[in-house]
Amino acid sequence: MSQHDQELERRARNLYLRASRDIDPVIAGRLRAARRTALARPHPSAARRLLLPAGAFAVLALATLMVWQPVGGPPSPAVVAQPGDSEPNDLPPDADSADPALYKDLQFYSWLAYNDTRPSSRK
């Protein structure tokens, strides 16, 4: 510290000591009570200070997700399939996209699949 700063600190300390000796006892008691009250209050923790910004961010993210959704919903499997994918599939079609009449005679289709043997060569 410089010489000027040390002199300022010494003068401030002398003024404080002189003022504290000359203070009214009633005011001194009120100051001590105010000091005890201030020290007794719990200080907000770092987690509590972060709670408000974190909550605001969560609300903003939720509102963004609710507003920014695709209009048509998820694409259907028929739209996702590429036109070049024409390989035979062993799985039955989805119940949502298949014709309900196909499920009417399931025993017939089972019999047909079981008896579908390709002739080697018929002439």
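Worth knowing before you read on, the calculation uses all heavy atoms, side chains too, and leaves out hydrogens, waters and symmetry mates.
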> Give, for atom CD of Glu9 and atom CG of Asn14, the distance between the pair rounded to the nearest 0.5 Å.
10.5 Å
> Let me confirm one number: the CZ-CG distance from Arg30 to Asp24, rounded to the nearest 0.5 Å.
10.0 Å
> Look up atom CG in Leu15 and atom CZ in Arg10, then write down how far apart they are to the nearest 0.5 Å.
10.0 Å
> From Arg36 CZ over to Leu31 CG, what is the distance, rounded to the nearest 0.5 angstrom?
11.0 Å
> Looking at Gln6, I want to see if its CD is surrounded by more than 12 non-hydrogen atoms of other residues, nucleotides or ligands under 6.0 Å.
yes
> Can you tell me how far OG1 of Thr64 sits from CZ of Phe57, rounded to the nearest 0.5 angstrom?
8.5 Å
> Using a strict 4.0 Å threshold on nitrogen-to-oxygen distance, state whether Arg11 and Glu7 make a salt bridge.
no
